[in-house]
> 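Starting off with a structure, shown below.
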Amino acid sequence: MVAAWQGGAHSQTGATTLLITLMLMMSVTIVTLAVAHTLVVEQRMTDNQNWHTRLFLEAEAGLTRGLAFLNQADQTPWWQQMGDGDITVEAAGSGSVDGDVRTDVILKHLSEWDGYLRLQATARRNDGSDMAVRISQFVRPLSVL
């Protein structure tokens, strides 16, 4: 005797398997997209951190150029020769090896900072972004520290 399956509940056995497979594929796709998004965000964070480190080093180099400018100046306090008012001098212009970073170095002497100069270096990207690093240091020229 041969038993034959006819009609009934067993005629669509592949539909459940197809539905489960589609659900698993959708879950894998969602997880893959989430991982890809996370990797893109981490790449941006790493790029910004690299730029910040580079700008910080450029600003420190600017401070070094400003200190060299002070060391090359005369041995007399030049800001006192110019009067008691506030004085701002651009110590070193902008410059970078590859031209995508601008570094400005400024020496300031304000009348309330008796005997001290403020040396400030600002490094910023030239691509129009707002990313910049500013370092400042107070210096007392012709003093022994």
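Quick note: numbers below take in every heavy atom, side chains included, and nothing from hydrogens, waters or symmetry partners.
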> When Ile, Leu, Val, Met, Phe, Trp and Tyr are grouped by side-chain heavy atoms lying under 4.5 Å apart, directly or through other members, which residues fall in the same group as Leu57?
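Grouped by the 4.5 Å side-chain rule, Leu57 forms a cluster of one, so the answer is none.
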> Less than 4.5 Å apart, any side-chain heavy atom of Gln137 and any of Leu63?
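Gln137 vs Leu63: side chains touch.
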> Look up atom CZ in Arg102 and atom CG in Asn126, then write down how far apart they are to the nearest 0.5 Å.
7.5 Å
> Can you check whether Trp51 reaches Thr46 side chain to side chain, under 4.5 Å on heavy atoms?
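Answer no - side chains too far apart.
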> Please identify each residue that fulfils side chain to side chain contact (heavy atoms under 4.5 Å, CB included) with Asp127, with sequence neighbours left out.
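Counting only residues at least two positions away or on another chain, Asp127 forms a side chain to side chain contact (heavy atoms under 4.5 Å, CB included) with Arg125, Ser129.
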> Which heavy-atom pair separates Val101 from Ala123 by the least distance, and what is that distance?
CG1-CB, 4.3 Å
> Val41: which other cluster members, linking ILVMFWY side chains closer than 4.5 Å, directly or transitively?
Met45
> Drop me the distance from Leu22's CG to Thr17's OG1, to the nearest 0.5 angstrom.
11.0 Å
> With a 4.5 Å cut-off on side-chain heavy atoms, are Val133 and Glu58 touching?
no
> What's the separation between atom OG in Ser136 and atom CD1 in Ile106, rounded to the nearest 0.5 Å?
11.0 Å
> What is the minimum heavy-atom distance between Gly62 and Ala121, and which atoms define it?
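Of all heavy-atom pairs spanning Gly62 and Ala121, the closest is C-CB, 4.0 Å.
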> Scan the side chains in residues 29-37 for donor-acceptor partners under 3.5 Å anywhere in the protein, sequence neighbours excluded, and list what turns up.
unit_1 : atom_1 : unit_2 : atom_2 : d
Thr29  : OG1    : Met25  : O      : 2.8
Thr32  : OG1    : Val28  : O      : 2.7

> So Ile135 and Glu60, side chain to side chain contact (heavy atoms under 4.5 Å, CB included) or not? Walk me through it.
CA-CA 7 Å; Ile135 300 176; Glu60 280 188 338; 3.7 Å; yes
> Between NE2 of His52 and CZ of Arg54, what distance do you get to the nearest 0.5 Å?
14.0 Å
> In Å and rounded to the nearest 0.5 Å, what is the OH to CZ distance from Tyr116 to Arg140?
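Rounded to the nearest 0.5 Å, the OH-CZ separation comes out at 5.0 Å.
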> Residues in side chain to side chain contact (heavy atoms under 4.5 Å, CB included) with Arg134, at least two apart?
Gln120, Thr122, Arg124
> Filter on salt bridge (charged side-chain N to carboxylate O under 4.0 Å, His left out), then keep only pairs touching residues 27-51, sequence neighbours left out; what's left?
none
> How long is the span from the CZ atom in Arg65 to the CG atom in Leu119, to the nearest 0.5 Å?
10.5 Å
